[in-house]
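First comes the structure, then the notes that go with it.
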Protein chains: 2
Amino acid sequence: MENTIKQLKEYLIKHDIKPSTIRLKILEYLLNNRIHPTADDIYKNLLDQIPTLSKTSVYNTLDLFADKGVVKVLSLNEKEARYDINTRLHGHFKCRVCSRVYDFAIPYDVSIPHELKGFDVNDIDINFYGVCQNCKNQGRKS
Amino acid sequence: MENTIKQLKEYLIKHDIKPSTIRLKILEYLLNNRIHPTADDIYKNLLDQIPTLSKTSVYNTLDLFADKGVVKVLSLNEKEARYDINTRLHGHFKCRVCSRVYDFAIPYDVSIPHELKGFDVNDIDINFYGVCQNCKNQGRKS
DNA sequence: TTATAATTTTATAACAATTACAATTTTATT
DNA sequence: AATAAAATTGTAATTGTTATAAAATTATAA
Ligand SMILES: [Mn+2]
Ligand SMILES: [Mn+2]
Ligand SMILES: [Zn+2]
Ligand SMILES: [Zn+2]
């Protein structure tokens, strides 16, 4: 809805990815559904539009996207990986009740600690776990 | 080597865990091998001492330990979980070359960001990824 | 001690996410 | 149109983990 096909194509090409139909659809889904979906979420959701879609293609595409820096893969203490179209450094909060994953800005400078002097740090994950306000309010009613 | 059986028993009892042989062995392993091992690491290593050991028991024990706060489970962008006998808040660095996991002290106050006001935060993971100094030196030789 | 119950451990099968692989389809090039 | 390259698919394999029920061990009571 937000992006024209042309824009999506340019986005992929800019990231050195040939814009196939499936790749465009997955990119579009990720841009319009910023919920940190799993591969299965994406697969299930696109099945209406692309009835021949295979789960392998979803994995292939997401692996390619991760390779080219289009998505960041999230490990949030669960067995399924999640995919984030926002690759800039930011924190994640996972609610253990509703399983929603919230973004937050990291409120301190993430400098390399002196214990890691001489290490190359390419990637940083900051993950919080607990119960979100929504779920806390829900529980209050009982 | 470091701990007497008596000390290990007390440690488990203090955490509300009945000290069975397997539990003591796994605890001892975790205390003496602070390498953030996987369930398989632990299983393989104890097989000499306990030839009848089953992997299910290792998982059962680690689940129990996690439940009782004796270990912290780590999700480090890999499919296998790792287990840390140090449950105090600290950061982890995973080297993508040698797969070693290093500890580091978190060099800032991990206060709850204002975006998460009203959220209950029970757990925090801070994970860095990259190449450790060891592996960087190794590579330099070529 | 013996009997009985509770707990722990084991072996095996089931499960679920991901990956491997080769065949098919689609797209690009000549 | 013919050919080559790339993308997609279906299927099977792999892997870490979990479920389940039987067997072994340990605790409790008679
Ligand atoms: Mn995010
Ligand atoms: Mn640690
Ligand atoms: Zn919630
Ligand atoms: Zn290394």
Side-chain angles (χ1 to χ4, degrees), chain A residues 5 8-9 12-13 15-29 36-68 70-83 94 99 101, chain B residues 5 8-9 12-13 15-29 36-68 70-83 94 99 101:
Chain A
I5 296 155
L8 295 170
K9 276 189 184 173
L12 288 184
I13 289 166
H15 285 86
D16 195 29
I17 296 170
K18 289 191 195 161
S20 70
T21 308
I22 286 178
R23 290 168 184 171
L24 288 167
K25 287 287 181 198
I26 291 180
L27 175 65
E28 187 182 38
Y29 177 84
H36 312 93
T38 64
D40 198 58
D41 290 335
I42 298 169
Y43 172 73
K44 286 215 177 75
N45 209 288
L46 294 183
L47 216 46
D48 291 332
Q49 304 176 55
I50 318 167
T52 62
L53 183 65
S54 74
K55 207 174 256 187
T56 306
S57 292
V58 177
Y59 278 111
N60 286 344
T61 302
L62 290 169
D63 287 353
L64 179 67
F65 281 11
D67 244 42
K68 300 296 188 183
V70 170
V71 297
K72 175 164 170 53
V73 186
L74 306 184
S75 281
L76 292 170
N77 274 343
E78 53 197 351
K79 46 179 55 181
E80 292 171 273
R82 290 170 181 263
Y83 298 86
K94 161 108 188 286
S99 297
V101 174
Chain B
I5 297 155
L8 295 171
K9 275 189 185 174
L12 288 184
I13 290 166
H15 286 86
D16 195 28
I17 297 170
K18 290 191 194 161
S20 71
T21 308
I22 286 179
R23 289 167 184 171
L24 288 166
K25 288 285 180 197
I26 291 180
L27 175 65
E28 187 181 38
Y29 177 85
H36 312 92
T38 63
D40 198 58
D41 290 335
I42 299 169
Y43 172 71
K44 285 215 177 74
N45 207 287
L46 293 183
L47 216 47
D48 290 332
Q49 303 176 55
I50 317 166
T52 63
L53 183 65
S54 72
K55 206 173 256 188
T56 306
S57 292
V58 176
Y59 278 110
N60 286 345
T61 302
L62 290 170
D63 287 354
L64 180 67
F65 281 11
D67 243 42
K68 300 296 188 182
V70 169
V71 296
K72 175 164 170 55
V73 186
L74 306 184
S75 281
L76 291 170
N77 275 343
E78 52 197 352
K79 47 178 54 181
E80 291 170 274
R82 289 170 181 263
Y83 297 86
K94 162 108 187 285
S99 295
V101 175

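Order of the sequence lines fixes the chain letters, A, B, ..., with proteins taken first and strands second; residue numbering starts at 1 for each chain.
Residues satisfying the side-chain hydrogen bond (donor to acceptor under 3.5 Å, both in side chains) test with B:Lys72, not counting sequence neighbours, are B:Asp123, B:Asp125. With sequence neighbours excluded, the residues satisfying side-chain hydrogen bond (donor to acceptor under 3.5 Å, both in side chains) with B:Ser75 are A:Asn77. Partners of B:Lys68 by salt bridge (charged side-chain N to carboxylate O under 4.0 Å, His left out), not counting sequence neighbours, listed by chain and number: B:Asp16. Every residue two or more places apart in sequence or in another chain that forms a side-chain contact (heavy atoms from CB on, under 4.5 Å) with A:Ala39 is listed here: A:Val58, A:Tyr59, A:Leu62, A:Tyr83. Not counting sequence neighbours, the partners of A:Ser57 by the side-chain hydrogen bond (donor to acceptor under 3.5 Å, both in side chains) test are A:Ser54. Scored by the side-chain contact (heavy atoms from CB on, under 4.5 Å) test, B:Ile13 finds B:Pro19 as partners (sequence neighbours excluded). Residues forming a salt bridge (charged side-chain N to carboxylate O under 4.0 Å, His left out) with A:Glu78 (at least two apart in sequence, or on another chain): A:Arg82, A:Lys94.
Under the 4.5 Å side-chain criterion, counting only non-hydrogen atoms from C-beta, B:Tyr43 is not in contact with B:Thr38.
Taking atom CZ on B:Phe65 and atom C1' on C:dT8, their separation rounds to 13 Å, with Å as the unit. In this entry the distance linking CD1 of A:Ile50 with C1' of C:dT26 reads 14 Å, nearest Å.
Note that the first and last nucleotides of DNA chain D, 5' to 3', having any atom under 4.0 angstrom from a heavy atom of chain B are D:dG16 to D:dA19.
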Heteroatom pairs (N/O) under 3.5 angstrom, protein to nucleotides 14-18 of chain C:
unit_1 : atom_1 : unit_2  : atom_2 : d
C:dT18 : OP1    : A:Ala81 : N      : 2.9
C:dT18 : OP2    : A:Tyr59 : OH     : 2.4
C:dT18 : O5'    : A:Tyr59 : OH     : 3.4

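Taking side-chain N and O atoms only, B:Ser57 has no distance below 4.0 Å to OP1 or OP2 of C:dT9.
Within the 3.5 Å criterion, the main-chain N or O of A:Lys18 finds a donor-acceptor partner in the side chain of A:Arg23.
For residues 41-54 of chain A, every residue pair satisfying the salt bridge (charged side-chain N to carboxylate O under 4.0 Å, His left out) rule, not counting sequence neighbours, is listed here: A:Asp40-A:Lys44.
Residues from residues 15-24 of chain B with heavy atoms under 4.0 angstrom of DNA chain C, sorted by number: B:Lys18, B:Ser20, B:Ile22, B:Arg23.
No engagement by A:Thr38 is indicated, since no non-hydrogen atom pair under 4.0 Å with the nucleic acid exists.
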